[in-house]
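The shown structure was predicted, so the numbers you read here are calculated from the model rather than taken from an experiment.
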Amino acid sequence: MFAVIRENRDRTVTRLLTCGSLEAVIVASQLEKNKVALAERSKIRAVAMDDGGYTEIVL
């Protein structure tokens, strides 16, 4: 499973969007980043999730 994670200043997840494919998570993360100011974009990450946690997808 793939997801877009958006955190606030104290690293609390404020938004979690799940996606079914790598292509979908890349598009979703770019759309989320377009909604916020440039300084806030580093708090939005695309990740691949598994039973052991998650791995960030570098865009």
Side-chain angles (χ1 to χ4, degrees):
M1 178 175 22
F2 300 92
V4 177
I5 298 173
R6 183 172 176 184
E7 299 174 335
N8 61 12
R9 290 185 182 131
D10 61 352
R11 307 228 358 125
T12 302
V13 174
T14 59
R15 186 159 188 169
L16 177 69
L17 302 170
T18 59
C19 301
S21 69
L22 178 62
E23 294 83 8
V25 79
I26 291 171
V27 170
S29 67
Q30 291 300 320
L31 289 172
E32 281 296 307
K33 287 181 180 187
N34 286 339
K35 294 179 185 178
V36 298
L38 187 60
E40 299 290 319
R41 292 183 183 181
S42 64
K43 297 179 178 128
I44 298 173
R45 296 180 287 154
V47 299
M49 302 177 76
D50 61 16
D51 292 339
Y54 62 86
T55 304
E56 187 169 353
I57 300 169
V58 179
L59 302 176

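Screening E32, R9, K33, R11 for a side chain to side chain contact (heavy atoms under 4.5 Å, CB included) with K43, the sole residue that qualifies is R9. Each of L17, I44, V47 was checked for a side chain to side chain contact (heavy atoms under 4.5 Å, CB included) with I5, and the lone residue meeting it is V47.
Residues L16 and F2 are members of separate hydrophobic clusters, defined by side-chain heavy-atom contacts under 4.5 angstrom among Ile, Leu, Val, Met, Phe, Trp and Tyr. Connection of V36 to V27 is not established within any shared hydrophobic cluster, with ILVMFWY side chains joined at heavy-atom distances below 4.5 Å, either directly or through further cluster members.
Checked by atom type and distance alone, the side chain of T14 pairs as donor or acceptor with a backbone atom of R6 at under 3.5 Å.
Atom CD1 of residue I26 and atom CD of residue Q30 lie 8.5 Å apart, to the nearest 0.5 angstrom. Atom-to-atom distance recorded for M1:CE and M49:CE is 5.0 Å, nearest 0.5 angstrom.
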Next on the checklist: The test is side-chain contact (heavy atoms from CB on, under 4.5 Å); show your working for V4 and R15 and say whether it passes.
Outcome noted: CA-CA 8 Å; V4 177; R15 186 159 188 169; over 6 Å; no
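Under a 4.0 Å N-O distance rule, the pair E7/R45 qualifies as a salt bridge.
Between V25 and A3, the shortest heavy-atom contact is CG2-O, 3.3 Å.
Enclosure of atom CG in D10 by more than 12 non-hydrogen atoms of other residues, nucleotides or ligands within 6.0 angstrom is indicated.
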